[in-house]
Colleague: 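Below: one structure in structure tokens.
Since this is a predicted model, take the numbers as computed values, not measurements. The sequence lines fix the lettering, A, B, ..., with proteins before strands; numbering per chain opens at 1.
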Number of protein chains: 2
Amino acid sequence: MNLSSYAGGVAADDTPRVLVDQVLGLASVLTGSVRELVRDLDLTDTLANVVWVLDPDADPVPLRRLAGRLQCDPSNVTLLADRLEEKGLAERRPHPDDGRVRTLVLTPEGVQVRRRMIEYVRNRSPLAALDADQQEQLRALLALASGRD
Amino acid sequence: MNLSSYAGGVAADDTPRVLVDQVLGLASVLTGSVRELVRDLDLTDTLANVVWVLDPDADPVPLRRLAGRLQCDPSNVTLLADRLEEKGLAERRPHPDDGRVRTLVLTPEGVQVRRRMIEYVRNRSPLAALDADQQEQLRALLALASGRD
DNA sequence: TCCTTCACTTGAGCTTCTCAAGCATTATCA
DNA sequence: TGATAATGCTTGAGAAGCTCAAGTGAAGGA
């Protein structure tokens with residue numbers, strides 16, 4: 001028996017790694033579950049994610065805050081906003097109070113695309129396999145695990 | 001009262017979208033929680049992910065299967081393998097039974113790097129906020145949600 | 001007013017990724 | 001066996017994504 005690989009409870013300590021694998025795996029499955037639609041819409045995953053993040057019911061998002069939300073450099077957001085504008089899915093709007101700030105807002109077509117993505121996920125993602133209770137449990141645990149309980 | 005945004009149980013149907021946000025958000029937090037180490041090791045997120053995926057206790061992985069696991073084109077794996085070899089973290093090995101196949105295996109240094117990443121996650125990721133029971137619950141729910149119960 | 005700070009953009013340059021084409025090895029089957 | 005097909009990997013071209021440094025214009029404080 002090989003002590004070096006068994007002693008010290010290595011198997012038990014392996015739990016966090018497995019959890020990480022599961023979370024990343026599920027994230028991958030989820031983005032994969034809309035990819036077909038996203039490709040049909042002639043979008044890349046990155047652009048689709050921006051559309052996903054742009055809630056039309058919330059306040060317009062300054063590009064800088066969008067960069068924070070996407071965890072990337074502001075200059076990258078400039079590029080992504082350019083592409084979405086080219087495609088007619090979003091447009092820049094000046095901030096009413098601050099001339100430096102520009103916000104990115106979905107066009108009606110963008111809102112429609114976003115709606116289709118959400119619909120698609122609801123119907124095809126494996127999350128549908130969970131009943132309401134389980135979804136609620138999962139939501140609570142994920143909130144805990146995200147550190148923003 | 002605006003019926004168009006309230007009627008039809010929109011709020012209730014919004015649950016899957018929220019869950020997706022949570023899962024993607026947690027995935028982002030988790031990869032973010034090792035980023036500091038990854039940068040110190042002079043690795044990109046992509047390369048770090050390959051190292052993460054390469055379990056030294058499992059059978060050597062043919063590049064083609066690695067492409068499947070990473071959900072990318074085989075030609076991309078060629079490139080990633082090149083980089084990891086340059087850095088001395090992994091090396092290609094011929095498959096004993098099939099001359100066409102090459103496998104990618106972590107070097108001792110690569111194994112060490114992987115161990116440090118796992119250790120880092122265990123100590124710093126928000127998953128640590130969950131007790132053993134909650135971790136087990138989460139694992140079970142994620143397995144269900146991933147469709148590979 | 002002057003200077004600083006802030007938000008965004010631009011340009012250079014790298015990494016990641018895909019697609020099509022190519023090479024070598026293995027499998028199939030007449 | 002020998003021709004043909006299938007498989008696994010690599011190469012090259014090119015697009016997308018991303019960052020860093022530098023630049024422009026607006027806002028705010030001394």
Colleague: Can you sort out the partners of Arg115(A) under salt bridge (charged side-chain N to carboxylate O under 4.0 Å, His left out), two or more places apart, ordered by chain and number?
Modeller: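 If we apply the salt bridge (charged side-chain N to carboxylate O under 4.0 Å, His left out) test to Arg115(A), skipping adjacent residues, there are no hits.
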Colleague: Determine the minimum heavy-atom distance between Leu127(A) and Gln135(A), stating which atoms define it.
Modeller: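 Leu127(A) and Gln135(A) have their closest heavy atoms at O-NE2, 3.3 Å.
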Colleague: Check whether any side-chain nitrogen or oxygen of Thr44(A) sits under 4.0 Å from OP1 or OP2 of dA16(D), and answer yes or no.
Modeller: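 For Thr44(A), the contact criterion (side-chain N or O under 4.0 Å from OP1 or OP2 of dA16(D)) is not met.
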Colleague: Closest-nucleotide mapping onto DNA chain D: is Asn76(A) or Arg102(B) further toward the 5' terminus? I mean the 5' end.
Modeller: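 Taking each residue's closest nucleotide, the earlier one in sequence belongs to Arg102(B).
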Colleague: Expressed in angstrom and rounded to an integer, what is the separation of Leu104(A) atom CG from dA7(C) atom C1'?
Modeller: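 Value for this atom pair: 14 Å.
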Colleague: Tell me which nucleotide among dA7(C), dA21(D), dC19(C) gets nearest to the side chain of Ser75(A).
Modeller: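 Looking only at heavy atoms from C-beta outward on Ser75(A), the closest nucleotide is dA21(D).
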Colleague: For a quick check of understanding: with a heavy-atom distance under 4.0 Å over all strands, which category does Thr78(B) fall into, base, sugar-phosphate or nothing?
Modeller: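 Touches a base.
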Colleague: How close or far is atom P of dT9(C) from atom CG of Leu80(A), stated in whole angstroms?
Modeller: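 Taking atom P of dT9(C) as the reference, CG of Leu80(A) is at 11 Å.
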Colleague: When you get a sec, tell me which of dC9(D), dG17(D), dC8(C) is the closest nucleotide to the side chain of Pro62(B)?
Modeller: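 Of dC9(D), dG17(D), dC8(C), dC9(D) is nearest to the side chain of Pro62(B).
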Colleague: Please confirm whether the shortest side-chain N or O distance from Arg64(B) to OP1 or OP2 of dT7(D) is below 4.0 Å.
Modeller: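 Answer no for this pair, as no side-chain N or O of Arg64(B) is under 4.0 Å from OP1 or OP2.
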Colleague: Without decimals, in angstroms, what is the distance between Leu66(A) CG and dG17(D) P?
Modeller: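 Distance, rounded to whole Å: 14 Å.
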Colleague: Whole angstrom is fine here: how far is it from CG in Leu47(B) over to C1' in dT15(C)?
Modeller: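 Whole-Å distance recorded here is 9 Å.
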Colleague: CZ of Arg35(B): more than 12 outside heavy atoms within 6.0 angstrom?
Modeller: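 Yes - once you tally the heavy atoms of other residues, nucleotides and ligands closer than 6.0 Å, there are more than 12.
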Colleague: What integer distance in Å separates Asp42(B):CG from dC14(C):P?
Modeller: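 It is 14 Å, rounded to the nearest whole Å.
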Colleague: Rounded off to whole Å, could you give me the CG-to-P distance for the Leu79(B) and dA13(D) pair?
Modeller: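 The distance from CG of Leu79(B) to P of dA13(D) comes to 14 Å, rounded to the nearest Å.
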Colleague: Specify the separation, in whole Å, of atom CG of Asp82(A) and atom P of dG11(C).
Modeller: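 Distance check: Asp82(A) CG to dG11(C) P gives 12 Å.
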Colleague: For Asp42(B), is there any backbone N or O sitting under 3.5 Å from a side-chain donor or acceptor partner on Lys87(B)?
Modeller: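 Confirmed, Lys87(B) side chain pairs with Asp42(B) backbone.
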Colleague: Can you check whether Leu30(B) reaches Pro126(B) side chain to side chain, under 4.5 Å on heavy atoms?
Modeller: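 SC-SC contact between Leu30(B) and Pro126(B) confirmed.
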Colleague: Does anything in residues 85-101 of chain A come within less than 4.0 Å of DNA chain C? Heavy atoms only, and list the residues if so.
Modeller: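 Within this stretch, Arg92(A), Arg100(A), Val101(A) sit under 4.0 Å of the strand.
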Colleague: Atom CG of Asp45(B) to atom C1' of dT15(C): distance rounded to whole Å?
Modeller: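 My rounded result for the distance is 11 Å.
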Colleague: Can you tell me if Gln22(A) uses its side chain to pair, donor with acceptor, with the backbone of Arg139(B) under 3.5 Å?
Modeller: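 Pair found, side chain donor or acceptor close to backbone of Arg139(B).
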Colleague: Extract all donor-acceptor atom pairs below 3.5 Å that involve side chains of residues 64-74 of chain A and protein atoms in other chains or at least two apart in sequence.
Modeller:
residue  : atom : partner  : partner atom : Å
Arg69(A) : NH1  : Val53(A) : O            : 3.3
Gln71(A) : NE2  : Ser28(B) : OG           : 2.4
Asp73(A) : OD2  : Ser75(A) : N            : 3.0
Asp73(A) : OD2  : Ser75(A) : OG           : 2.7

